[in-house]
Amino acid sequence: MTGCGVAAGRAGSGVGRAVFEPVALGPIALRNRIIKAATFEGRTPRGMVTDGLVDFHRQMAEGGVAMTTVAYLAVSPDGRTDRHCAVLSEATLPDLERLTAAVHGAGAAVSAQIGHAGLVANSRSNGTAAVAPSRRLSAGGTLARALTDEGIERITGDYRRAAEIAVRAGFDCIEVHLGHDYLLSSFLSPRLNHRRDSWGGRLANRARFPLQAVGAVREAVGDRAALTVKLNMSDGIPSGFWLDESLAFAGMLESQGAVDAIELTGGSSLSNPMYLFRGDAPRTEFAATLPAPLRFGFKVSGGRFLRDYAFEEAYFLPYARQFLRETSLPLILLGGVNRLATAEGAVAEGFTLVAMGRALLRQPDLVSIWARGEADEGLCVHCNKCIPTIYSGTRCVLVGADQAG
Ligand SMILES: Cc1cc2nc3c(=O)[nH]c(=O)nc-3n(C[C@H](O)[C@H](O)[C@H](O)COP(=O)(O)O)c2cc1C
Ligand code: SF4
């Protein structure tokens, strides 16, 4: 994955700017510093990897990103968010190989975001009980079981096996999801993890399972792929995982020596998702995705679930800067990056990579546009109406609107 490939060499273009220069990420080389963050694609009906998923990532690669991330591939069937989520398995391997080949053909690298949904799983849709550090109501409305020691070891093995499959499928990087209340982040959270055994209590105990899973992934992939984690800096809820512990956990990751970079995120899928997005809260559009009996309840309490947070460019930067000071691990800035100057500033400050989600849903070729010097800002307006489209094929609702009328 070498060679920039997106800079056109015109006056005012990105040639010579650090953000468009190649960089190493562990054992792999990336053609520039901008990667596509995971945005669940909604293109895996009943877990099948479709041409639509392949095309989605081919388009991102053709648009100039250094690496695109295939969102949320479950490490096991019980780790799916719902039955329309793909599992890394022998069954999906051939189609995933097709996907990675398509991305490589367009000159980019490709990462697999892997995880176990834990409390975020819709257990009714999955047909299996949700699991969690401690017994608690899951997102699917059923009671999640507290994991036993055997369950933790079984899921650690699932991470190992899933990572091996991802490498065989041709992924260049594995991103282990340690955020947003998914299983490993729920172990980190003092609000969700009430265990009294060696997997709960003080941070060193709550960190054991995430570190064990990350270590298993590294053992499985060796230097055949890069390994990143997507880590919450703050859950954005009272008594959740917060900056002080997240910084300490980054230190543990650094001592462990298994990961090549940390992508910094925040927010709680269960209690405060808008903390992670900022901008308009798409309450009406979200309500429309719910079964009729739940819509009334959402009308009453939806404002508390989808809260209002004003959008600011690079809203996580003040928290992320603290990691730059505390760890020497390479860092990936994420959250509200919409301007070339922001990406350039981040690289100049010391972030190894900049990840973008919505800006690239809006304009998959934004990196090429920046590199050619045609614009220095993206067109995403942070309306967040793309979020409820994850149930019907993730898309920016404004794509095509430019041409209409
Ligand atoms: C439609 C949509 C789907 C998303 N799905 C995922 C996902 O599957 N996994 C994940 O870690 N983050 C997911 N995210 C969050 C993004 O990775 C990113 O953290 C967030 O959008 C903030 O970055 P941005 O301001 O560049 O969009 C999603 C975001 C959007 C807009
Ligand atoms: S729908 Fe489009 S414009 Fe609105 S937040 Fe999503 S990507 Fe941005």
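Remember, it's 1-based here, ligands and their atoms both numbered in the order they're listed.
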Below 4.0 angstrom from a heavy atom of Ile390, which ligand 1 atoms are there? Numbered from 1 as shown, please.
1 (C), 3 (C)
Atom 22 (C) of ligand 1 sits nearest the protein heavy atom Tyr315 OH, 3.4 Å
Backbone or side-chain N or O of Leu276 under 3.5 Å from ligand 1 N or O
no
Give the numbers and elements of all ligand 2 atoms closer than 4.0 Å to a heavy atom of Val397.
1 (S)
Under 4.0 Å from any heavy atom of Thr394, which atoms of ligand 1 are there?
1 (C)
Which class fits the ring pair Tyr275 and Phe316: parallel under 30°, tilted 30 to 60°, perpendicular over 60°?
tilted
Going by the 4.0 angstrom heavy-atom rule, the piece of Thr389 near ligand 1 is neither
Taking the side chain as everything from C-beta on, heavy atoms only, tell me whether Ser246 gets closer than 4.5 Å to Phe323.
yes
Flag the pair Asp260 / Pro330 as yes when at least one side-chain heavy-atom distance between them is below 4.5 Å, and no otherwise.
no
Among protein heavy atoms, which lies nearest atom 7 (S) of ligand 2, and at what distance?
Arg358 O, 3.5 Å
Only heavy atoms of Asn384, strictly under 4.0 Å: list the atoms of ligand 2 that pass.
4 (Fe), 5 (S)
Number the atoms of ligand 2 from 1 as they appear, then name those within less than 4.0 Å of a heavy atom of Leu398, with their elements.
3 (S)
If you scan protein heavy atoms around atom 12 (N) of ligand 1, the nearest is Lys230 NZ, 3.1 Å
Atom 8 (Fe) of ligand 2 [closest protein heavy-atom partner, distance rounded to 0.1 Å]
Cys380 SG, 2.4 Å
Atoms of ligand 1 less than 4.0 Å from Gln113 heavy atoms?
7 (C), 8 (O), 9 (N), 10 (C), 11 (O)
Can you sort out which atoms of ligand 1 are near Gly335, meaning under 4.0 Å from one of its heavy atoms?
23 (O), 25 (O)
Would you say Thr394 and Thr389 are linked by a side-chain donor-acceptor pair, where the criterion is simply a distance under 3.5 Å?
no
Ligand-residue contact atoms, ligand 1 with Ala37, heavy atoms, under 4.0 Å:
17 (O)
Which of these, Arg339, Arg17, Arg33, sits in a salt bridge (Lys or Arg N to Asp or Glu O under 4.0 Å) with Glu344?
Arg17
Closest non-hydrogen protein atom to atom 3 (S) of ligand 2, residue and atom name please, with distance?
Val381 N, 3.4 Å
For atom 15 (C) of ligand 1, which of Cys380, Ala38, Gly357 has the closest heavy atom?
Ala38
Looking only at protein heavy atoms, which one is nearest to atom 2 (C) of ligand 1, and what is the separation?
Thr39 CB, 3.8 Å
Worked verdict on Phe277 versus Tyr309 for ring pair (Phe, Tyr, Trp, His ring centres under 6.0 Å)
CA-CA 8 Å; Phe277 297 109; Tyr309 286 96; over 10 Å; no
Please could you name the atoms of ligand 1 that Met356 approaches to less than 4.0 Å, counting only its heavy atoms?
26 (O)
Could you measure the distance from the CG atom of Leu353 to the CD1 atom of Ile262? Nearest 0.5 Å is fine.
12.5 Å
Distance filter under 4.0 Å to Phe40 heavy atoms, resulting ligand 1 atoms
3 (C), 4 (C), 5 (N), 6 (C), 7 (C), 8 (O)
Is it true that Glu313 and Arg278 make a salt bridge, defined as a side-chain N closer than 4.0 Å to a carboxylate O?
no
Approximate separation, where rounding is to 0.5 Å, of Ile174 CD1 and Thr228 OG1:
8.5 Å
Side chains of Ile35 and Glu263, heavy atoms from C-beta outward: is any pair under 4.5 Å?
yes
Protein contact of atom 6 (Fe) of ligand 2 - nearest heavy atom, named by residue and atom, plus distance
Cys386 SG, 2.4 Å
Heteroatom test (N, O or S) for Cys396 near atom 8 (Fe) of ligand 2, limit 2.8 Å:
no
Within the structure provided, determine whether Leu398 and Arg362 are in side-chain contact (heavy-atom separation under 4.5 Å).
yes
Contact between ligand 1 and Ala359 is defined here as a heavy atom of the residue under 4.0 Å from a ligand atom; is it met?
no
Any ion pair linking Glu90 and Arg168 (charged N to carboxylate O, less than 4.0 Å)?
yes
Between Gln256 and Val214, is there a side-chain heavy-atom distance shorter than 4.5 Å?
yes
Distance-only side-chain donor-acceptor flag, Thr327 / Glu254, under 3.5 Å:
yes
With the side chain counted from C-beta on, respond yes when Phe56 and Asp51 share a heavy-atom pair under 4.5 Å apart, and no when they do not.
no
Under 3.5 Å between some N or O of ligand 1 and some N or O of Arg358?
yes
Among non-hydrogen protein atoms, atom 4 (Fe) of ligand 2 lies closest to Cys383 SG, 2.3 Å
Ranking Val354, Leu360, Leu334 by closest non-hydrogen atom to atom 23 (O) of ligand 1, top hit is Leu334
Distance to 0.1 Å, residue and atom name: give those for the protein heavy atom nearest to atom 29 (C) of ligand 1.
Phe277 CE2, 3.3 Å
Near Ala71 (heavy-atom distance under 4.0 Å), the atoms of ligand 1 are 8 (O)
Can you measure from OH (Tyr182) to CG (Asn232) and round to the nearest 0.5 angstrom?
11.5 Å
